[in-house]
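Report on one structure; see the data block that follows.
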Amino acid sequence: MDSYALSSSLPVARGLIVAPWVAHVQRLGAPAEALLVRAGIPPELLQHPTAAISLKKCLRWIELACQSLGTEQLGLQVAAASSNEDLGAYGRILSSAVTLYQYLHQGISLYGTVVLGQSFLLSTHGTQVRLHLHSPWAPALGDYQSHLNSFAITIANIRRFAGAGWGPDKISFGFRFREEIPPTEIFDGARVVYRPGESYLEFPRAMLGQRCCLAARTSAAGQSAIAEPLPKDLAGLVELQIESLLSGRAMTVDLVAETIGMSRRSLQRGLAAQGVSYTELLTAIRLRRAAEWLGDTDKPVVEIALELGYTDASNFTRAFRQQTGVAPKTFRESAQ
């Protein structure tokens with residue numbers, strides 16, 4: 001699991017990407033939470049949409065869900081039950097696209113706001129274009145379901161520009177599994193091929209300029225404010241996890257390491273290579289949040305202490321004074 005631990009970019013997905021899958025599996029009667037535990041994913045992570053989850057653990061969970069339900073078409077089922085709104089800010093930005101090219105460009109460039117480790121790219125082949133989906137590891141059943149899901153959602157979105165009856169000319173999957181793709185409206189008319197290492201949709205290049213009259217426009221300022229990329233460095237990813245999960249709990253290094261698919265030792269070693277420690281990151285985030293609350297709210301000091309994961313107000317006061325040189329009460333009086 002740690003072979004990629006010290007690389008510049010860990011494969012992770014935000015909780016909001018996983019949530020629709022879990023909700024659908026629960027509706028079908030499978031033990032979704034028990035399967036999360038088997039895959040090494042704390043179920044409470046799904047309560048934090050912005051938090052990062054190990055992508056390989058997510059793919060492993062999808063495999064377990066398929067086995068539990070006896071299907072290799074789960075990705076199609078989840079796509080049919082999902083909408084852009086389930087993708088949070090990323091989905092809302094895609095819905096605001098005015099042309100097909102804008103939709104594809106935004107989808108590719110902003111994909112790193114919700115997933116790291118997989119990537120989309122567009123290539124031209126004469127009069128045709130291909131939308132590729134790539135994962136830099138040997139694919140398994142979970143990858144296949146992920147690609148099925150992504151392609152089905154993409155086709156549904158392209159139909160907002162090309163019309164309800166549109167379908168891609170060709171769909172290539174880089175791997176084959178036991179179940180053939182069943183006859184389905186979403187892939188109707190497309191030629192499905194299997195080419196090792198190549199997963200893509202192919203359609204005419206002339207379509208790129210087609211417009212969508214029903215695009216839900218959002219302001220440029222609103223888009224930039226909500227399209228926060230996932231950090232590509234380990235320290236940034238650890239900070240994201242602490243920020244997302246820090247709410248009345250003790251944020252241990254073991255918890256953060258587990259959620260992003262690393263061992264404690266590898267995480268600490270990776271942070272050291274960046275010149276920082278887990279304790280320093282946790283302390284900085286606690287201090288920043290404490291300063292915001294003390295300056296902008298009337299929250300009692302004891303409530304702030306507990307929300308930041310301290311066992312009591314005296315421990316928080318001691319730590320705050322060590323970092324700032326003043327007690328929380330004195331800081332609040334000066335700020336106000």
Side-chain angles (χ1 to χ4, degrees), residues 11-24 49-53 55 58 75-124 129-135 145-168 171 185-187 190 199-230 232:
V12 294
R14 289 198 192 270
L16 64 88
I17 296 295
V18 186
W21 291 77
V22 174
H24 186 74
T50 63
I53 305 175
L55 182 56
C58 294
L76 286 177
Q77 298 169 18
V78 174
S82 304
S83 69
N84 283 349
E85 284 299 311
D86 294 318
L87 301 178
Y90 177 70
R92 289 191 292 275
I93 291 175
L94 297 185
S95 293
S96 73
V98 177
T99 66
L100 176 56
Y101 175 78
Q102 185 184 27
Y103 162 76
L104 294 171
H105 175 73
Q106 290 178 330
I108 292 169
S109 62
L110 297 177
Y111 195 58
T113 67
V114 291
V115 174
L116 290 178
Q118 291 180 334
S119 59
F120 282 98
L121 63 90
L122 205 62
S123 66
T124 59
V129 294
R130 292 176 181 174
L131 179 65
H132 302 260
L133 179 54
H134 175 68
S135 303
Q145 299 308 309
S146 174
H147 288 205
L148 276 177
N149 179 264
S150 295
F151 285 165
I153 290 174
T154 300
I155 291 170
N157 272 288
I158 292 177
R159 286 177 174 172
R160 295 192 296 112
F161 305 88
W166 177 85
I171 303 174
E185 181 268 340
I186 199 72
F187 291 155
S199 291
Y200 59 81
L201 300 177
E202 184 173 289
F203 52 91
R205 185 176 181 178
M207 288 177 52
L208 294 177
Q210 292 185 311
R211 299 177 64 86
C212 175
C213 298
L214 302 178
R217 296 175 181 272
T218 59
S219 68
Q223 290 186 21
S224 63
I226 59 180
E228 292 293 333
L230 281 162
K232 293 186 177 180

**Prompt:** For Leu110 and Ile93, what are the C-alpha separation, side-chain angles and deciding distance, and is it a side chain to side chain contact (heavy atoms under 4.5 Å, CB included)?
**Reply:** CA-CA 9 Å; Leu110 297 177; Ile93 291 175; 3.7 Å; yes
**Asked** Would you say Met207 and Ile158 make side-chain contact, with heavy atoms under 4.5 Å?
**Response** yes
**Message:** I need the Leu94 CG to Glu85 CD distance, nearest 0.5 Å.
**Reply:** 11.0 Å
**Request:** Report yes if the side chains of Val12 and Ile53 come closer than 4.5 Å at any heavy-atom pair, otherwise no.
**Result:** no
**Request:** Step by step, work out the side chain to side chain contact (heavy atoms under 4.5 Å, CB included) result for Thr154 and Leu201.
**Result:** CA-CA 9 Å; Thr154 300; Leu201 300 177; 3.9 Å; yes
**Fill in**
In short, Pro49 meets Arg14 closest at the heavy-atom pair O-CB, 3.5 Å
**Item:** Point-to-point distance, once rounded to the nearest 0.5 Å, from CG of Leu131 to CD of Glu202
**Value:** 11.5 Å
**Request:** Answer yes or no: is there a donor N or O on one side and an acceptor on the other, between the side chain of Ser150 and the main chain of His147, under 3.5 Å?
**Result:** no
**Item:** Residue pairs involving residues 149-159 (criterion salt bridge (charged side-chain N to carboxylate O under 4.0 Å, His left out); sequence neighbours excluded)
**Value:** Arg159-Glu185
**Request:** May I ask you to test the Ile155-Trp166 pair for a side-chain heavy-atom distance under 4.5 Å?
**Result:** yes
**Request:** Dump the intermediate steps for side chain to side chain contact (heavy atoms under 4.5 Å, CB included) on Thr124 and Arg130, then the final yes or no.
**Result:** CA-CA 6 Å; Thr124 59; Arg130 292 176 181 174; over 6 Å; no
**Sub-4.5 Å side-chain heavy-atom contact between Leu208 and Phe203** = yes
**Item:** Asn157 side chain to Ile153 backbone, donor-acceptor under 3.5 Å
**Value:** yes
**Message:** Does Tyr101, at its OH atom, have more than 12 non-hydrogen atoms belonging to other residues, nucleotides or ligands within less than 6.0 Å?
**Reply:** no
**Request:** Locate the shortest heavy-atom distance separating Pro20 from Ser82; write the atom from each residue and the value.
**Result:** CB-OG, 4.0 Å
**Prompt:** Where is the tightest heavy-atom contact between Asn84 and Ser95, given as atom of each residue plus distance?
**Reply:** ND2-OG, 2.8 Å
**Asked** Just wondering, do Leu16 and Thr50 contact through their side chains at under 4.5 Å, heavy atoms?
**Response** no
**Distance, nearest 0.5 Å, that separates CD of Gln102 from CZ of Phe161** = 7.5 Å
**Request:** Locate the shortest heavy-atom distance separating Leu55 from Leu116; write the atom from each residue and the value.
**Result:** CD2-O, 3.6 Å
**Asked** Would Ser199 and His132 count as having a side-chain donor-acceptor pair, cut-off 3.5 Å?
**Response** no
**Message:** Ignoring hydrogens, what is the shortest heavy-atom contact between Gln106 and Ala97? Give both atom names and the distance.
**Reply:** OE1-CB, 3.8 Å
**Fill in**
Nearest heavy-atom approach of Ala13 to Val115 is CB-CG2, 4.2 Å
**Prompt:** Where the side chain of Tyr90 meets the backbone of Gly107, is there a donor-acceptor pair that is under 3.5 Å apart?
**Reply:** yes
**Message:** When you measure from the side chain of Arg205 to the backbone of Val129, do you find a donor-acceptor pair of N or O atoms at a distance under 3.5 Å?
**Reply:** no
**Asked** Checking side chain to side chain contact (heavy atoms under 4.5 Å, CB included) for the pair Trp21/Asn149: CA distance, chi angles, key distance, verdict?
**Response** CA-CA 10 Å; Trp21 291 77; Asn149 179 264; 3.5 Å; yes
**Request:** Please determine, by modelled atom types, if Ser146 and Gln118 share a side-chain donor-acceptor pair under 3.5 angstrom.
**Result:** yes
